[in-house]
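Residue numbering restarts at 1 for every chain, and letters A, B, ... go by the order of the sequence lines. Predicted model only: the values in this text are computed from it and were never measured. What you see below is based on every heavy atom in this structure, not just the backbone, and it leaves out hydrogens, waters and symmetry mates.
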Number of protein chains: 2
Amino acid sequence: MSIQERRERERAQREKMIITAARELAEAEGWEAVTTRRLAERVEYSQPVLYSHFKGKDAIMTAVALEGFADLAAELRAARTAAPDAARALARISAAYVAFAERRPALYDAMFSQKVDLPFAAPEAPAALHAGFDELAQAVGPHADGADPGLLTEAFWAALHGLVTLTRGGRLPRGQHDRRLALLLACFTREPADSGHPL
Amino acid sequence: MSIQERRERERAQREKMIITAARELAEAEGWEAVTTRRLAERVEYSQPVLYSHFKGKDAIMTAVALEGFADLAAELRAARTAAPDAARALARISAAYVAFAERRPALYDAMFSQKVDLPFAAPEAPAALHAGFDELAQAVGPHADGADPGLLTEAFWAALHGLVTLTRGGRLPRGQHDRRLALLLACFTREPADSGHPL
DNA sequence: TCCGCGTTGCTAGCAGTGCTAGGGACAAGA
DNA sequence: TCTTGTCCCTAGCACTGCTAGCAACGCGGA
């Protein structure tokens, strides 16, 4: 059975190569540049091989997004645990979220903008997705003040997402990005708007 | 010169037909179903005619988006002026914004999600865009409480946009949509989270 | 009324897309 | 050595956005 195992191992390795190639290509030139032909060329196999691993191009994007969830969760976790106190955790984690979206826009798109076939707000959602949301929830929770913490976290996440996507789409000028984020934080933490949040 | 004028009139009419057809097709089946061939068939002209009016498909989407800005601005204005007092204006206008996005998702996408070539946060931005933003600003302004009203409006808009897009993309369950919106409003108006906002 | 000419919109085609059918080569087992 | 089965590649389909080049129409002048 060793031959079988080696084959499966090689197959899994190749699948990983495809996902990595798709992510790199997307991050370098955007998702519209990721075609099955270029992808196949990059992994040095023919097109149909891709379809023996994934149902279609969308499934490849989904796989890339799944990797991204784990990355984001890790970065959020690092930001939150590095915060000196709970009060500043939200500011830190928000900054980390925005930075992630800014640094890896194509990956962020696959995760949160593009149409992918994943169960999101459900128990069967990917573990990394839950992990990322939980990080946010832990930072938002202390400011709930009677409101449903889960819903408040969702609302805060939505606000961050809106800020990120509108800025990236050219709808909001990049100039005052930090001040908008600070305002958002002030609203959710119910602090005075002008009390700069030291990170 | 009357012949010339008639021609230009007919040409403008046809251009409007193209835009309308594109919008209707997008609203009925989504933007991925809007192909130049189907569009041409719908306006009963051949494909190349489209290119004598617009530089490309993107330009058609931009034209559709421009129409949408006017529609949205009108609906926001109606919602704001119908509000019994300034305190409730924000809730009304928010509901109108969300309803617009929900009712005309394809149009909303063209306006705020898809990549279009328009100057947004600039003086030369389309008038309808300014008008819509001003409606929002007028409703947000009273709650600024010392903060920059323009930036606060942008932040609030971003939050609404995030809520809308995450819900539409399946990232947030539709179930508690209203409660999330209410939470958002409570944060921005700095009211207690559980004081339901009567519309 | 007729003719030349410019405009207009058509047919046909290009290069590229996602995806798939079919066959051919290679390796494993008898 | 031969058969069997797996694997992967070549070729092609139907579609996309976009464009070149031609044919026909209608206007302006004679």
DNA chain C contacts among residues 54-61 of chain A, heavy-atom distance under 4.0 Å: G56(A), K57(A)
Please confirm whether the ring centroid of H53(B) lies under 6.0 Å from the ring centroid of Y45(B). no
Please state whether the phosphate of dG18(C), meaning OP1 or OP2, lies under 4.0 angstrom from any side-chain nitrogen or oxygen of T36(A). yes
If the condition is side chain to side chain contact (heavy atoms under 4.5 Å, CB included), which residues does R104(A) pass it with, not counting sequence neighbours? R23(A), E27(A), D71(A), F100(A), L107(A)
In whole angstroms, how far is the P atom of dG16(C) from the CG atom of L39(A)? 17 Å
What pairs of nitrogen or oxygen atoms, one from the protein and one from nucleotides 7-11 of chain D, lie under 3.5 Å apart?
| unit_1 | atom_1 | unit_2 | atom_2 | d |
| --- | --- | --- | --- | --- |
| dC8(D) | OP1 | R14(A) | NH1 | 2.8 |
| dC8(D) | OP2 | R14(A) | NH1 | 3.4 |
| dC8(D) | OP2 | R14(A) | NH2 | 3.2 |
| dC9(D) | OP2 | S46(A) | N | 2.9 |
| dC9(D) | OP2 | S46(A) | OG | 2.3 |

Please identify each residue that fulfils ring-ring contact (aromatic ring centres under 6.0 Å, His included) with F69(A), with sequence neighbours left out. F112(A)
Any side-chain N or O of T35(B) under 4.0 Å from OP1/OP2 of dT16(D)? yes
Without decimals, in angstroms, what is the distance between R37(A) CZ and dG12(D) P? 13 Å
Considering residues at least two apart in sequence or located in another chain, which fulfil the salt bridge (charged side-chain N to carboxylate O under 4.0 Å, His left out) criterion with R37(B)? none
How many Å lie between CZ on R38(A) and C1' on dC19(C), as a whole number? 19 Å
dT16(D) P sits how many Å from E41(B) CD, rounded? 11 Å
d(CH2, W31(B); P, dG17(D)) in whole Å: 12 Å
Side chains of D109(B) and R168(B): does their closest heavy-atom pair fall under 4.5 Å? yes
Partners passing side chain to side chain contact (heavy atoms under 4.5 Å, CB included) against A33(A) (at least two apart in sequence or in another chain): E29(A), R38(A)
Expected list for residues 114-128 of chain B: side-chain donor-acceptor pairs under 3.5 angstrom, two or more places apart:
none

Using side chain to side chain contact (heavy atoms under 4.5 Å, CB included) as the criterion, list what pairs up with A99(B), not counting sequence neighbours. none
Only counting residues at least two apart or in another chain, list the ones meeting side chain to side chain contact (heavy atoms under 4.5 Å, CB included) with R77(B). R80(B), T81(B), E135(B)
For residues 54-64 of chain A, run the donor-acceptor check on the side chains, cut-off 3.5 Å, and write out each pair with its distance to 0.1 Å, sequence neighbours left out.
| unit_1 | atom_1 | unit_2 | atom_2 | d |
| --- | --- | --- | --- | --- |
| K57(A) | NZ | V34(A) | O | 2.9 |
| T62(A) | OG1 | D58(A) | O | 2.9 |

Rounded interatomic separation in angstrom, taking CG from L50(B) and C1' from dT11(C): 15 Å
May I have the distance from E32(B) (atom CD) to dG17(D) (atom P), rounded to whole angstrom? 12 Å
Atom OH of Y51(B) to atom C1' of dT7(C): distance rounded to whole Å? 21 Å
With sequence neighbours left out, what residues match R11(A) under salt bridge (charged side-chain N to carboxylate O under 4.0 Å, His left out)? none
Estimated bend of the helix from dT1(C)-dA30(D) to dA30(C)-dT1(D) (axis per five terminal pairs, rounded to 10 degrees): 20°
